[in-house]
> 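Would you mind keeping the following structure in view while I ask a few things?
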Protein chains: 2
Amino acid sequence: MNKSAQILVIDDESQIRKLLEITLNSNDYRTIFAVDAKEGMSMVANYQPDLVILDLGLPDEDGQEVLKRLREWYTNPIIILTVKSAEEEIVKALDSGANDYLTKPFRTQELLARIRTALRNLAPNDSEPIIEFGTVSMDFTSRIVRLNNEILKLTTTEYNLLSIFVKNEGRVLTHQYLLKQVWGNNYADQTQYLRVFVAQLRKKIEEDPNHPKFIITESGVGYRFNTS
Amino acid sequence: MNKSAQILVIDDESQIRKLLEITLNSNDYRTIFAVDAKEGMSMVANYQPDLVILDLGLPDEDGQEVLKRLREWYTNPIIILTVKSAEEEIVKALDSGANDYLTKPFRTQELLARIRTALRNLAPNDSEPIIEFGTVSMDFTSRIVRLNNEILKLTTTEYNLLSIFVKNEGRVLTHQYLLKQVWGNNYADQTQYLRVFVAQLRKKIEEDPNHPKFIITESGVGYRFNTS
DNA sequence: TAAATCTTTATAAAATCTTTATACTCTGGT
DNA sequence: ACCAGAGTATAAAGATTTTATAAAGATTTA
C-alpha cells in the first residue's frame, strides 16, 4: 500500500501539538510541526505535506493571510483548527480555500473523520512553490520574483497579475477573467488597467518589451502567458 | 455562460425546506426538494444534482443508510444537515462519504460557504476535448489552435468561424447560418464577409488553399467542414 | 509629507474588420 | 465545345477597433 499521509500542524500551542501528535501518529499518519506562520509556510514548501492543519491565531501573522498565501500554490487540503468561532471567520477561511473548519475544543474522532474526508477528495496536482521561465523565477512562498537572480521589485498588483498568468500558462485568458481575478468582480470592464499593468510587467520581465516572449497579446480577447 | 448549480434538499421539515429554498435561491442556486428517503433517492437519480443536502432524521428510512446507498454511485458532494450532534453520527456519516456535516440550527452564511467549498472541490466538468484534423488541433479550453504543433495565430472572427465549422463537422452550413452565428442576426446577407474569412482560414489551415480539404464550398448554399 | 502605487487621460501604433475591385470557377443551354 | 451569368476567391485599400505607452492626477502607504 501507499506510504501513510504526512500531515503538517501549524499551531503555537504546545499542548495542542502534543495532543495532535499522539492522536495522528496512533492513527498512522506521519506528522510534522510548525509553531508560527513563517516556519509553517516554509515547511509546506519544503515537505509538501498531504494535508495541513492550520491554527488561525498565530503569534507572528494573521492565519487568514497565511491561508490565502498558501492557496496561491498549495492545493492539498487545509483544515482550519482554531478557537475563533465567529461565522465571519469561518466564511472567510472557507472562501479563501480552506477545506474544513473546526473550532477548539475539538472532538478527536470528528477531526480524524474530517481528515479522512479531506484526504479522500485530495486533488492530485499541486504546482511547485517555485516556478521558473526564461531568466525569471517566481517563489510563491516568499512572494519573491527574481530576474537573473536579482530580486525584481513588483507591486502587489503586478505580482498578482503575474501569478495568474503563471498559473494558467499556455491558456488564453480573457480581459474579463484577468480583471475579475486581480481587481475583483466589479472591474470586469476596466480593460485599460490591464493594458497599463501588462505594459509594466513586460517592461520588467521581458528581454525585449516590444517583442514579448512571455505575455502574448490575443487581440480582441485577452492575453496568454507562454514559457518557451 | 455556466448554468448555476442545482442543489437537492432532502428534509422532512417544511420550515427547513422553505428557509433553504429562500436562502439558496437568493444565492443563485437552483433548488429541488424531497421530503423523505424514497423520494430523495429517486430525485438524485433523475436530476443528478450538483450537490445534495441531506437530513439524517427522515421519516421512512435511516439517513445514514440513504447516504451509504447514494454513495454507491453518486459522486457529487453530499452535505449532512441534521439535529443529530453525536460525534459517533458525524464520524459515521463522514466515513460513509459525506463531504461535510452541519448541525441544526445552522448558520446561514456558514452553510453557504461550506456549499461553495464542496462545489469548488467538485471534479471540474471535464473541459471540452481537443479536436484534431489533419495537422491541425483545436483546444477549446485554452482557446488555442495549433498547426504542426506550432501555435496558429487566429483573429477572434477567424477563431469563431472555425469553431462553428469544427462543431458542425460534416454538416452543410448555409451562409445565413454562419453569418448569424459569427457576426450576429443583422449580418445574414453579408455573404462577402464570409468569403473573405473563409479564404483567410483556408490560407492558414489548408495545406493547399486552392484545393481545400477541410472547408468545402457548397456552391449556392454555404460551406461544409470535413475532417479526413 | 514624501514616496510609492494606482487610476485616468491622451495619443500613436498595430491589428483587425469592412469594403471595393477584379479575376476566377462552375453550370446549364446551345 | 463554347458562352453567359451567377456564384466564388483573393488581394488590397480604407475604416474602425484594439492595443501600447507615457505621463498627469489621485490615492494610499510608510
Side-chain angles (χ1 to χ4, degrees), chain A residues 65 143 145 151-162 164-165 172-184 186-225, chain B residues 143 145 151-165 172-184 186-225:
Chain A
E65 196 51 39
R143 277 181 162 263
V145 179
I151 288 182
L152 185 60
K153 204 163 155 41
L154 293 185
T155 71
T156 321
T157 310
E158 287 163 2
Y159 176 86
N160 290 341
L161 180 57
L162 184 57
I164 308 283
F165 275 134
V172 176
L173 303 173
T174 63
H175 299 133
Q176 279 223 341
Y177 177 81
L178 289 165
L179 285 160
K180 281 187 188 168
Q181 292 297 311
V182 177
W183 281 268
N186 304 325
Y187 293 77
D189 52 355
Q190 301 290 322
T191 320
Q192 184 56 15
Y193 285 14
L194 207 49
R195 302 223 173 88
V196 171
F197 279 84
V198 163
Q200 280 170 8
L201 268 183
R202 280 176 174 159
K203 209 154 45 170
K204 291 187 178 183
I205 67 169
E206 297 280 1
E207 220 164 300
D208 177 3
N210 287 34
H211 302 91
K213 263 174 43 187
F214 298 129
I215 305 179
I216 311 295
T217 302
E218 296 284 348
S219 196
V221 186
Y223 295 91
R224 174 168 51 83
F225 187 78
Chain B
R143 199 199 173 278
V145 180
I151 289 180
L152 186 59
K153 205 165 155 44
L154 293 184
T155 71
T156 320
T157 310
E158 287 163 3
Y159 178 86
N160 290 342
L161 180 57
L162 183 59
S163 297
I164 308 281
F165 276 135
V172 176
L173 304 173
T174 64
H175 298 135
Q176 279 226 340
Y177 176 81
L178 288 166
L179 285 160
K180 281 187 188 168
Q181 291 297 309
V182 177
W183 281 268
N186 304 325
Y187 293 77
D189 52 354
Q190 301 290 323
T191 320
Q192 182 56 16
Y193 285 12
L194 207 47
R195 301 223 172 87
V196 170
F197 278 85
V198 164
Q200 280 171 8
L201 267 184
R202 280 175 174 158
K203 207 155 48 170
K204 291 188 178 182
I205 66 170
E206 297 280 1
E207 219 165 301
D208 178 3
N210 287 32
H211 302 91
K213 265 173 43 187
F214 299 130
I215 306 180
I216 312 296
T217 303
E218 296 285 348
S219 197
V221 186
Y223 296 92
R224 177 167 50 84
F225 187 78

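Within every chain, numbering begins at 1; the chains are lettered A, B, ... in the order of the sequence lines, protein sequences first and strands thereafter. Given the structure is predicted, the values throughout are model-derived calculations rather than measurements.
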> Is Gln192(B) close enough to dA9(D) that one of its side-chain N or O atoms is under 4.0 Å from OP1 or OP2 there?
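Result: no.
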
> Within this structure, what is the CD-CG distance for the pair Gln200(B) and Leu154(B), rounded to the nearest 0.5 Å?
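Answer for the CD-CG pair, Gln200(B) versus Leu154(B), is 10.0 Å.
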
> Could you state the interatomic distance from CD (Glu158(A)) to NZ (Lys153(A)), rounded to the nearest 0.5 Å?
9.5 Å

> Any side-chain N or O of Thr217(A) below 4.0 angstrom from OP1/OP2 of dA14(C)?
no

> NA contact type, Thr191(B), heavy-atom cut-off 4.0 Å: base, sugar-phosphate, or nothing?
nothing

> Starting at atom NZ of Lys204(B), determine the distance to atom P of dA15(C), rounded to an integer number of angstrom.
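Atom-to-atom, Lys204(B) to dA15(C), this comes out as 12 Å.
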
> NA contact type, Tyr187(A), heavy-atom cut-off 4.0 Å: base, sugar-phosphate, or nothing?
nothing

> For the residue pair Phe165(A) and Phe225(A), does the interplanar ring angle fall in the parallel (under 30°), tilted (30 to 60°) or perpendicular (over 60°) class?
parallel

> Examine dT8(C): is either OP1 or OP2 under 4.0 Å from a nitrogen or oxygen in the side chain of Tyr193(A)? Give yes or no.
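For Tyr193(A), the contact criterion (side-chain N or O under 4.0 Å from OP1 or OP2 of dT8(C)) is met.
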
> Relative to the ring of Tyr193(B), is the ring of Trp183(B) parallel (under 30°), tilted (30 to 60°) or perpendicular (over 60°)?
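Trp183(B) and Tyr193(B): tilted rings.
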
> Does the side chain of Lys203(B) get closer than 4.0 angstrom to OP1 or OP2 of dA11(D) through an N or O atom?
yes

> Ignoring backbone atoms, test whether Trp183(B) places a side-chain nitrogen or oxygen under 4.0 Å from the OP1 or OP2 oxygen of dC17(C).
no

> Using OP1 and OP2 only, check whether a side-chain N or O of Arg195(B) sits under 4.0 Å from dT10(D).
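It does not, given that no N or O in the side chain of Arg195(B) lies less than 4.0 Å from OP1 or OP2 of dT10(D).
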
> Between dA9(D) and Tyr223(B), is there an OP1 or OP2 to side-chain N/O distance shorter than 4.0 Å?
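Yes, because at least one side-chain N or O of Tyr223(B) sits under 4.0 Å from OP1 or OP2 of dA9(D).
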
> Could you tell me whether the phosphate oxygens of dT10(D), OP1 or OP2, come under 4.0 Å of any side-chain nitrogen or oxygen in Asn210(B)?
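Checking Asn210(B) against dT10(D): at least one side-chain N or O falls below 4.0 Å of OP1 or OP2.
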
> Under 4.0 Å: is that the gap between some side-chain N or O of Thr157(B) and OP1 or OP2 of dT16(C)?
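Answer is no, no contact under 4.0 Å.
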
> Just the rounded figure in Å: distance from C1' of dT8(D) to CZ of Phe197(B).
17 Å

> Would you indicate whether Gln190(A), at its atom CD, is surrounded by more than 12 heavy atoms from other residues, nucleotides or ligands within a distance under 6.0 Å?
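Correct, the count exceeds 12.
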
> What is the distance from CD of Gln200(A) to P of dA20(D), rounded to the nearest Å?
13 Å

> Which whole-number value in Å describes the distance from Gln190(B) CD to dT8(D) P?
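Taking CD of Gln190(B) and P of dT8(D), I get 15 Å after rounding.
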
> How many whole angstroms separate atom CZ of Arg224(B) from atom C1' of dT8(D)?
16 Å

> Is any side-chain nitrogen or oxygen of Ser219(B) closer than 4.0 Å to OP1 or OP2 of dT25(C)?
no

> On the nucleotide dA15(C), are OP1 or OP2 found under 4.0 Å from the side-chain N or O atoms that Lys153(B) carries?
no

> Round to a whole Å and report the spacing from NE2 of His211(B) to P of dC24(C).
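To the nearest whole Å, that distance equals 14 Å.
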
> Test your reading of the model: is there a side-chain donor-acceptor pair from Arg202(A) to the backbone of Ile215(A), 3.5 Å cut-off?
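Flag set: sc Arg202(A) to bb Ile215(A) pair under 3.5 Å.
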
> Quick one: Ile215(A) CD1 to dA20(D) C1', roughly how many Å, whole number?
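It works out to 13 Å between those atoms.
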
> Scan Val196(B) against the nucleic acid and name what it touches under 4.0 Å (heavy atoms): base, sugar-phosphate only, or nothing.
base

> Figure out the CG/C1' separation between Leu201(B) and dC17(C), and round it to whole Å.
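My rounded result for the distance is 14 Å.
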
> Considering just the side-chain nitrogens and oxygens of His175(A), establish if one lies under 4.0 Å of OP1 or OP2 belonging to dT18(D).
no

